[in-house]
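Below, read A as the first sequence line, B as the second, and so on, with proteins coming before strands; counting in each chain starts at 1. Heavy-atom basis, side chains included; hydrogens, waters and symmetry copies ignored.
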Number of protein chains: 2
Amino acid sequence: MTAAVALLDETGDESAITLRSVARRVGIAAPSIYRHFPDQPTIMLAVVQQAFAEFEAQLRTAVNAAGNDPRQQLFACCHAYLRYAQDHPERYRTMFGGLWMPALHDTSITANDVATLGDACMHLLTQTLSDCIATGQATSTDLRADAVALWLGLHGLAHQRAVTVTYPWPPDIADRIITTLAHLTTT
Amino acid sequence: MTAAVALLDETGDESAITLRSVARRVGIAAPSIYRHFPDQPTIMLAVVQQAFAEFEAQLRTAVNAAGNDPRQQLFACCHAYLRYAQDHPERYRTMFGGLWMPALHDTSITANDVATLGDACMHLLTQTLSDCIATGQATSTDLRADAVALWLGLHGLAHQRAVTVTYPWPPDIADRIITTLAHLTTT
DNA sequence: TCCGAAAACTTATCGGCGTTACCCCTTGCG
DNA sequence: CGCAAGGGGTAACGCCGATAAGTTTTCGGA
């Protein structure tokens with residue numbers, strides 16, 4: 001799995017995570033992989049799960065380091081989200097791109113494995129937004145819907161930046177999306 | 001190319017667009033493809049370009065059919081965007097997923113081919129939003145930035161729905177994103 | 001200490017993939 | 001009539017995921 005992540009980071013191409021390349025990297029014959037993983041998509045799932053764990057850890061660290069102001073915490077969380085996607089575009093693309101899901105039908109991967117992947121991050125974002133609402137720094141009548149909307153805005157920017165590296169983004173596009181979708185008060 | 005699009009629509013998996021499968025579909029031997037396309041990623045690019053053309057046509061049709069109210073036109077444009085992604089998730093994933101771009105480095109595809117893909121759609125959305133601002137139905141101090149932000153919101157929702165089909169989306173998530181990011185007035 | 005079962009790894013093989021080299025046949029035009 | 005160019009075919013290479021069957025290593029209990 002470490003080898004798989006390394007291959008992804010080095011090449012920036014998830015198709016480089018091949019059963020045989022991983023085997024070469026760890027110095028064993030290709031079929032020996034099947035003693036540890038039932039099939040190739042499962043390797044991908046493991047990589048994605050690990051990436052999500054690290055992703056959530058970074059978000060949580062950013063929030064904890066942002067002091068006690070909910071507004072600052074929300075900005076820290078969102079910027080950490082965008083920074084992870086920018087620092088590891090290939091991981092982000094793999095995590096959210098769903099390329100390996102088409103092959104899901106006839107493998108050992110369950111739908112639940114996939115559905116619960118981002119729950120922890122979503123919960124953290126919701127919690128942070130909720131704190132902003134509690135202190136009056138954000139106005140929202142529907143916490144869950146606005147949290148989802150905010151996440152989708154972040155995802156849209158993060159994903160598109162992870163796909164097309166060069167694009168003339170407006171300089172304040174990130175804060176614009178965050179403040180707008182989070183309904184932050186102007187103070 | 002028709003065969004390639006058909007394969008994509010039927011299987012819902014862009015990896016099904018294989019050089020050999022396309023050749024089988026049109027009834028020729030695999031290497032004969034190279035008389036028409038220099039390599040396989042170029043086939044993908046052609047498919048994506050065709051999809052973008054159809055995409056833009058549907059957006060334009062929706063706007064034209066929405067009467068003279070800029071606000072209605074904007075909603076029509078955005079909903080047409082989301083509808084296309086929902087009706088053709090595999091196309092949308094292929095158009096914006098950037099899977100075939102990693103292989104871009106050593107093929108005949110130029111960076112410009114990729115960069116200009118969505119320009120027409122972006123321009124249409126910007127124009128529609130601009131009309132809303134002109135009539136006072138939307139408030140914005142930076143047309144381009146807000147248009148990009150609106151697009152990113154639409155893209156986030158469209159892409160995520162195209163990847164994970166089953167998710168408990170808030171029922172009004174689309175309109176919530178549109179009205180918020182477009183800064184539509186409440187009237 | 002020894003032994004046997006399970007775990008871990010191997011080689012051989014299959015079919016599919018993109019790609020290349022090389023050959024063949026038709027078409028059209030001087 | 002000749003011949004170049006366009007559009008087809010075969011054979012082959014190396015890569016891929018996957019399976020089958022055999023071999024080595026590991027290790028806990030008698």
Side-chain angles (χ1 to χ4, degrees), chain A residues 1-50 90-91 93-94 97-111 113-114, chain B residues 1-50 90 93-94 97-110 113-114:
Chain A
M1 262 193 53
T2 308
V5 175
L7 283 168
L8 179 59
D9 286 343
E10 288 171 14
T11 65
D13 180 1
E14 57 188 312
S15 74
I17 303 184
T18 184
L19 195 141
R20 294 175 118 100
S21 70
V22 172
R24 271 193 298 270
R25 173 64 71 103
V26 298
I28 62 176
S32 305
I33 294 268
Y34 289 93
R35 298 296 170 181
H36 309 271
F37 293 93
D39 48 25
Q40 193 264 358
T42 307
I43 300 178
M44 286 305 205
L45 178 64
V47 169
V48 169
Q49 281 172 334
Q50 176 170 306
E90 67 292 339
R91 292 193 201 176
R93 229 183 306 129
T94 309
L99 155 148
W100 40 276
M101 289 184 49
L104 175 145
H105 300 297
D106 41 20
T107 65
S108 55
I109 300 175
T110 73
D113 290 338
V114 177
Chain B
M1 264 195 51
T2 308
V5 175
L7 283 169
L8 180 59
D9 287 343
E10 288 170 13
T11 66
D13 181 0
E14 58 188 311
S15 74
I17 303 184
T18 185
L19 194 142
R20 292 177 120 101
S21 70
V22 172
R24 272 193 298 270
R25 174 63 73 102
V26 298
I28 62 176
S32 304
I33 294 266
Y34 289 90
R35 300 293 174 185
H36 308 272
F37 293 93
D39 47 26
Q40 192 264 359
T42 308
I43 300 178
M44 287 303 204
L45 179 64
V47 169
V48 169
Q49 282 172 333
Q50 175 170 303
E90 66 292 337
R93 229 183 305 129
T94 308
L99 157 148
W100 42 274
M101 287 183 51
L104 175 146
H105 300 296
D106 40 21
T107 64
S108 54
I109 299 175
T110 73
D113 290 337
V114 177

In whole Å, I'd like the distance from the [atom1] atom of [X] to the [atom2] atom of [N].
| X | N | atom1 | atom2 | result |
| --- | --- | --- | --- | --- |
| B:L7 | C:dC17 | CG | C1' | 15 Å |
| A:R24 | C:dT10 | CZ | P | 14 Å |
| A:M44 | D:dC16 | CE | C1' | 13 Å |
| B:I17 | C:dG18 | CD1 | C1' | 15 Å |

Would you say [X] places a side-chain N or O within less than 4.0 Å of OP1 or OP2 belonging to [N]?
| X | N | result |
| --- | --- | --- |
| A:H36 | C:dC9 | yes |
| A:R20 | C:dC17 | no |
| B:T18 | C:dG18 | yes |

Among [options], which nucleotide has an atom closest to any side-chain atom of [X]?
| X | options | answer |
| --- | --- | --- |
| A:D39 | C:dC17, D:dA18, C:dT19 | D:dA18 |
| B:S32 | D:dA12, D:dC16, D:dG8 | D:dG8 |
| B:Y34 | D:dA12, C:dC9, C:dT20 | C:dT20 |
| B:P31 | D:dG17, D:dA20, C:dA21 | C:dA21 |
| B:A29 | C:dT19, D:dG9, C:dT10 | D:dG9 |
| A:L19 | D:dG17, C:dC9, C:dT19 | D:dG17 |
| B:R35 | C:dT19, D:dC16, C:dC23 | C:dC23 |

**Message:** Whether the A:D13 and A:S15 side chains hold a donor-acceptor pair (N or O, under 3.5 Å, no angle test) is what I'd like checked.
**Reply:**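 Side chains of A:D13 and A:S15: pair found under 3.5 Å.
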**Prompt:** With distance as the sole test, does B:S21 use its side chain to make a donor-acceptor pair with the main-chain N or O of B:A16 at under 3.5 Å?
**Reply:**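 The answer is yes, because a donor-acceptor pair under 3.5 Å joins these two groups.
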**Donor-acceptor contact below 3.5 Å, side chain A:Q50 vs main chain A:T2** =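 Side chain of A:Q50 to backbone of A:T2: no pair is present.
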**Prompt:** When you match B:Q40 and A:G27 each to their closest nucleotide on DNA chain C, which lands nearer the 5' end?
**Reply:**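 So the residue in question is A:G27.
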**Result of checking B:L45, B:I33, B:L19, B:V22 against B:Q40 for side-chain contact (heavy atoms from CB on, under 4.5 Å)** =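 The side-chain contact (heavy atoms from CB on, under 4.5 Å) with B:Q40 is passed solely by B:L19 among B:L45, B:I33, B:L19, B:V22.
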**Message:** Students often get this wrong, so: under 4.0 angstrom with heavy atoms, is B:I28 touching a base, only sugar-phosphate, or nothing?
**Reply:**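 If one applies the 4.0 Å heavy-atom cut-off, B:I28 turns out to touch the sugar-phosphate alone, with no base involved.
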**Message:** Rounded at 0.5 Å granularity, tell me how far CG in B:L8 sits from OG1 in B:T94.
**Reply:**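 One finds 4.5 Å between CG of B:L8 and OG1 of B:T94.
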